Amino acid sequence: MELQTKYNPAEVETKWYEYWERNGLFASKPDGREPYTVVIPPPNVTGILHMGHMLNETIQDILVRRARMEGKNACWVPGTDHASIATEAKVVNRLAERGIKKTDLTREEFLKHAWDWTEEHGGIILKQLRRVGASCDWSRTAFTMDDERSRSVIKVFVDLYRKGLIYRGVRMVNWDPKAKTALSDEEVIYMEEHSKLYYLRYMVEGDAEGRYAVVATTRPETIMGDTAMCINPNDPKNQWLKGKRVIVPLVGRAVPVIEDEYVDMEFGTGCLKVTPAHDVNDYMLGEKHNLQSIDIFNDDGTLSEAAGLYVGKDRFDVRREIEKDLTEAGLMEKVEDYTNKVGCSERTNVPIEPKLSMQWFLKMQHFADLALPPVMNDEIRFHPAKYKNTYRHWLENIKDWCISRQLWWGHRIPAWYLPQGGFVVAENEAEALQLAREKCGSDLQLSDLRQDEDALDTWFSSWLWPVSLFKGIKQPGNEEIKYYYPTSDLVTGPDIIFFWVARMIMAGYEYMGDKPFRNVYFTGIVRDKLGRKMSKQLGNSPDPLELIDRFGADGVRMGMMLCAPAGNDILFDEALCEQGRNFCNKVWNCFRLVQGWQVDESEQPAGNAQAVRWFQARLRQVAAEVADHYSKYRISDALMAVYKLFWDEFSSWYLEMVKPAYGQPIDSATYSATLAAFDDLLHLLHPFMPFITEELWQHLADRAGGESIMVSPQCIAAPADGDAALITAMELVKQAVSGVRSVRAAKNISLREPLVLEAVASNPLADYTELLKKMAGLANVTLVSAKGEGTSAFLVGTTEYAVEIGALIDTDTEIAKAEAELKHLEGFLAGVEKKLANERFVQNAPEQVVALERKKQADAIAKIALLRQTLAELRK
RNA sequence: GGGCGCUUAGCUCAGUUGGUUUAGAGCGUCUGCCUUACAAGCAGAGGGUCGGGGGUUCGACUCCCUCAGCGCCCACCA
């Protein structure tokens with residue numbers, strides 16, 4: 001079989017992904033094995049794959065593939081999220097392009113459009129995930145709004161309502177005037193804004209001297225909603241205002257001056273305008289002081305009739321206009337530049353408006369009590385653990401969750417209003433009617449009931465994900481939920497720790513009485529190499545699929561993982577994908593070398609046997625290190641360990657040690673050992689680079705149809721007793737080889753020119769002569785009592801070796817080299833001896849530490865003696 | 001305003017309870033090689049005193065204090 005000199009990912013990837021799917025290798029069903037379950041953080045159903053997904057899905061796939069190869073029953077459940085606000089906004093925009101307004105449509109018509117859009121774009125991202133190599137059980141693909149998940153959501157809502165945990169009430173909520181819906185506190189992002197602080201004059205009512213109070217505000221457009229002015233009762237400079245009434249500028253309304261210690265005397269003039277309808281704190285003051293509340297905004301952020309002025313104009317236009325009008329009316333004292341934080345909608349980015357409205361809420365204290373302990377006591381482990389603090393802080397300051405959204409795309413709230421007021425909550429219309437009849441009499445008809453128009457927050461469905469995916473809500477205790485729950489690892493970004501992670505923990509304990517997952521791996525944010533967030537505007541966000549086209553899926557996966565320590569932000573650089581691609585090529589070419597060998601029945605040379613034993617020891621050692629990295633979720637470190645094992649140890653050392661001369665055969669013992677080692681290496685690599693490893697594994701032996709490296713167990717033994725000694729010995733051989741190569745490089749001596757290596761006084765590497773000769777291009781290794789003329793010397797441990805280079809010797813260079821090393825050693829020795837001369841060190845330090853220092857001292861002294869001798873000879 | 005985290009070679013990062021030859025890796029850099037597996041490669045080399053200062057200790061990159069810079073999260077100062 002002829003293989004190209006370069007690995008071609010495109011055809012290999014398609015071939016094996018289809019093969020895996022066709023042979024059901026991703027599918028899982030409960031059996032006697034230990035389960036390993038991962039639920040995908042469901043991407044937006046209409047979204048497309050970006051670098052954040054690429055990172056996240058790669059990590060999940062690595063964990064899942066690793067578990068599968070360990071013999072666990074791995075189940076990775078894919079799915080998508082209906083992303084209520086985001087998707088509804090997209091549909092609204094799309095309709096607007098066609099000149100259709102949402103308000104012109106019925107709920108049913110609108111939902112038809114939304115489903116069309118979902119079907120058109122839904123699933124694109126799932127197809128893209130296949131290109132990455134994601135080994136999801138596609139037969140389990142779910143959607144947060146499919147029938148099973150929807151029914152689960154409704155059942156949970158009804159259950160929580162009956163438990164008294166869900167209530168309906170009028171509260172100050174975060175209103176998104178663009179999406180025209182309420183938001184939860186978590187959906188509000190505070191952004192710094194360079195704005196202005198306006199100082200307005202509030203004339204004192206009936207004051208003969210025409211005195212006025214000055215109020216500082218960032219929002220002059222809300223004065224139409226003012227129903228009081230507030231001062232701190234302890235504020236000496238404002239005592240004169242006590243009991244007075246002041247006139248709201250332009251509006252002309254007289255409002256009382258109230259007193260409350262809430263007011264900061266230092267801010268502005270110490271006078272605060274109070275607009276109970278449009279500020280959370282003012283609302284609090286209004287409640288406390290029994291103030292009138294005037295809602296001056298419409299749902300879309302324009303001024304309402306109640307404002308009296310600027311009716312119908314947008315709030316920000318009004319701000320500009322009112323500034324002008326106030327100035328012209330002589331009611332503007334001054335305007336200052338001011339930086340403040342403005343709460344904005346996470347989805348639409350527009351500033352939110354605090355608004356009093358009727359919404360549904362979930363009481364959260366109960367859930368916080370449920371969800372805090374398991375994380376704090378590590379029953380659920382966070383990686384990195386620092387997020388435990390963040391988590392605790394949020395739960396200890398939990399507020400009720402506003403779960404209703406004034407949207408149509410989502411799960412409709414299962415509450416039906418009765419003709420005479422009040423409502424019933426039920427899982428379906430029939431049940432609702434029955435409950436309604438119990439309240440209002442049996443002649444009540446379904447048409448008399450009106451279902452709540454609102455939908456539920458998207459996260460009210462995704463918080464059930466680990467349970468609802470296995471039908472654990474609707475069929476508690478079924479075989480699947482019992483087997484797969486709790487899931488093993490959750491891989492997600494820290495940005496949704498409150499939105500999703502915390503709430504899944506809550507729902508998990510509420511409905512399963514157990515944690516939803518054992519480990520949470522928080523990834524970092526993918527940034528560009530300059531540390532900037534990836535964004536469309538900057539154009540610094542590469543398209544993952546295009547990267548896959550250029551570097552191969554394995555190359556991109558590796559590129560991601562090379563820069564992805566847990567919890568740190570990822571500084572992504574395309575060059576890393578190149579490195580990944582190059583590595584694929586390296587693996588590919590190693591295989592080409594090995595598969596090209598002819599085998600004969602000759603006896604195994606001693607050097608080959610040594611190489612084989614050594615590499616097997618290294619393999620065991622590194623496999624153990626890799627396992628340790630995985631156990632700590634240090635995926636990048638695991639990858640780097642395998643990378644170095646393959647490239648440095650296997651390719652550069654092992655293969656060169658056993659490689660037969662051109663055209664020569666290799667003995668069968670070495671050959672089969674090499675194939676076995678290759679097989680082991682492919683297993684270690686497979687989670688990171690699934691495609692190329694499958695391709696090569698299939699080439700490595702005659703495989704039956706349906707076989708796959710994916711499910712072929714990895715069987716590298718634990719490190720054995722003699723391994724460490726074997727490895728240490730070979731390290732010395734490598735040092736000697738490098739020593740000779742250094743001399744060659746310095747003197748420009750070709751590898752083709754055989755050299756003689758002298759071991760001075762003793763040769764601890766005598767057993768390895770064959771390997772030394774082969775690796776360093778030596779004619780011979782000789783034992784001498786004193787090194788000859790024209791030799792360049794170096795130390796291996798405390799033994800001196802010398803390369804005969806005859807006339808090429810440059811005494812000055814040799815002297816300089818020896819002097820530099822001598823200087824270093826003397827400095828080192830001085831440090832060691834200083835320590836040993838310190839009585840308290842010798843007394844207090846542990847015995848083995850002192851012994852080690854003594855060993856260092858002895859070695860250094862021996863080396864120094866050798867160097868001095870060398871120098872003396874050179875200077876002769 | 002609180003809380004958390006970071007600052008180690010040109011870049012990105014390791015450095016596990018303070019002690020394993022006066023700090024390691026990958027990439028990049030420099031030098032020499034197209035040596036029939038691989039130039040997407042091979043061999044060799046150089047490069048940091050661990051952000052600044054102080055302290056604890058026989059001994060600190062590792063613990064404490066402090067200063068500086070950076071980042072994240074939370075919070076109702078108009």
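A note on names: the letters A, B, ... follow the listed sequences, proteins ahead of strands, and every chain is numbered from 1. Every value quoted in this text rests on a predicted model; they were computed, and no experiment measured them.
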Roughly how many Å is it from NZ in A:K659 to P in B:rU36, rounded to a whole number?
9 Å
Closest listed nucleotide, where the reference is the side chain of A:Y643 and the choices are B:rC27, B:rU36, B:rC38:
B:rC27
In dot-bracket form, 5' to 3', how is RNA chain B paired? Count Watson-Crick and G-U wobble pairs only if both distances fall under 3.5 Å, and write | where the partner sits on another strand.
(((((((..((((.....[....)))).(((((.......))))).....(((((..]....))))))))))))....
What does A:K529 touch in the nucleic acid at a heavy-atom separation under 4.0 angstrom: a base, only the sugar-phosphate, or nothing?
nothing
Can you check the distance between B:rU36 and B:rG52, where both ends of the measurement are the P atom (answer in whole Å)?
50 Å
In whole angstrom, give me the gap between the P atoms of B:rC77 and B:rA14.
34 Å
Counting only heavy atoms from other residues, nucleotides and ligands, does the tally under 6.0 Å from CD of A:E396 exceed 12?
yes
Once side-chain contact (heavy atoms from CB on, under 4.5 Å) is applied, do any residues pair with A:K834, and if so which ones, sequence neighbours excluded?
none
Can you measure A:K747 atom NZ to B:rU31 atom C1' for me and round it to whole angstrom units?
14 Å
Would A:H699 and A:E695 satisfy side chain to side chain donor-acceptor pair (under 3.5 Å), going step by step from the backbone distance to the final call?
CA-CA 7 Å; A:H699 279 312; A:E695 170 77 8; 3.0 Å; yes
Under 3.5 Å, side-chain donor or acceptor atoms of residues 732-740 of chain A against the rest of the protein: list the pairs with distances, not counting sequence neighbours.
residue, atom, partner, partner atom, Å
A:K734, NZ, A:E649, OE1, 2.6
A:K734, NZ, A:E731, OE2, 3.1
A:S738, OG, A:K734, O, 3.1

Expected output is a numbered-order residue list: members of residues 841-854 of chain A with a heavy atom under 4.0 Å from any atom of RNA chain B. What is it?
A:F841, A:N844, A:A845, A:P846, A:V849, A:L852
For B:rG15 and A:R634 - does any side-chain N or O of the residue sit under 4.0 Å from the phosphate oxygens OP1/OP2?
yes
Nearest-Å distance for atom pair CG/C1', residues A:D573 and B:rG10
14 Å
Whole-Å distance separating the CG atom of A:L732 from the P atom of B:rU21
14 Å
Within a 6.0 Å radius of atom CD on A:Q598, are there more than 12 heavy atoms belonging to other residues, nucleotides or ligands?
no
Both A:N389 and A:Q579 contact RNA chain B. Taking the nearest nucleotide for each, which residue is further toward the 5' end?
A:N389
What nucleic acid atoms does A:C563 come within less than 4.0 Å of, heavy atoms only: base, sugar-phosphate, or nothing?
nothing
With P as the reference atom in both, quote the distance from B:rC64 to B:rC4 in angstrom, rounded to an integer.
13 Å
Here the distance between atom P of B:rA37 and atom CZ of A:F678, to the nearest Å, is 15 Å
With sequence neighbours left out, which residue pairs that include part of residues 735-746 of chain A fulfil the salt bridge (charged side-chain N to carboxylate O under 4.0 Å, His left out) condition?
none
Would you kindly give the CE-to-P distance between A:M376 and B:rC4, to the nearest whole Å?
12 Å
Rounding to an integer number of angstrom, what distance separates B:rU16 and B:rU21 when you compare their P atoms?
15 Å
What's the NZ-P distance between A:K632 and B:rU16, to the nearest Å?
11 Å
Using the C1' atom as the point on both nucleotides, what is the distance between B:rG10 and B:rG32, in whole Å?
23 Å
Give me the distance, rounded to whole Å, that separates B:rU49 from B:rG24 when you measure between the P atoms they each carry.
14 Å
If the P atom of B:rG71 is compared with that of B:rC30, how far apart are they to the nearest Å?
32 Å
Per-nucleotide protein contact string for nucleotides 42-51 of chain B, where B marks a base within reach and S marks sugar-phosphate only (heavy atoms under 4.0 Å, - for neither)
SSSS------
Base, sugar-phosphate, or nothing for A:K835, non-hydrogen atoms under 4.0 angstrom?
nothing
Could you tell me which residues satisfy side-chain contact (heavy atoms from CB on, under 4.5 Å) with A:E266, sequence neighbours excluded, listed by chain and number?
A:D264
Below 6.0 angstrom between ring centroids: does that apply to A:F382 and A:Y387?
no
At less than 4.0 Å, is any side-chain N or O atom of A:R840 found next to OP1 or OP2 of B:rC58? Yes or no.
yes
Sequence neighbours left out, what passes side-chain contact (heavy atoms from CB on, under 4.5 Å) with A:M284? Give chain and number order.
A:Y262
Could you tell me whether the phosphate oxygens of B:rG41, OP1 or OP2, come under 4.0 Å of any side-chain nitrogen or oxygen in A:N582?
yes
Please work out if A:G596 contacts a base, only the sugar-phosphate, or nothing of the nucleic acid, heavy-atom cut-off 4.0 Å.
nothing
Among B:rA37, B:rU12, B:rU35, which is the nearest nucleotide to the side chain of A:R752?
B:rU35
How would you list, by chain and number, every residue that makes a side-chain hydrogen bond (donor to acceptor under 3.5 Å, both in side chains) with A:Y199, sequence neighbours excluded?
A:E336
Go through the structure and list residues passing side-chain hydrogen bond (donor to acceptor under 3.5 Å, both in side chains) with A:D260, not counting sequence neighbours.
A:K288, A:H289
Euclidean distance for C1', B:rA43 against B:rG55 (whole angstrom):
49 Å
When the ring centroid of A:Y198 is compared with that of A:Y338, is the distance short of 6.0 Å?
no
Heavy atoms of other groups near A:K529 NZ, more than 12 under 6.0 Å
no
Take atom CG of A:L547 and atom C1' of B:rA40, then tell me their distance rounded to the nearest Å.
16 Å
I'd like to check the side-chain contact (heavy atoms from CB on, under 4.5 Å) partners of A:K533; sequence neighbours left out, ordered by chain and number.
A:I525, A:R527
Going 5' to 3' through nucleotides 68-78 of chain B and flagging B where a protein heavy-atom sits under 4.0 Å of the base, S where only the sugar-phosphate is that close, and - otherwise, we get -----SSBBBB
Between A:D185 and A:N174, is a side chain to side chain donor-acceptor pair (under 3.5 Å) present by the stated rule, with each step listed?
CA-CA 7 Å; A:D185 294 341; A:N174 308 296; 2.9 Å; yes
Does the plane of the ring in A:W588 sit parallel, tilted or perpendicular to the ring in A:Y7? Use 30° and 60° as the thresholds.
tilted
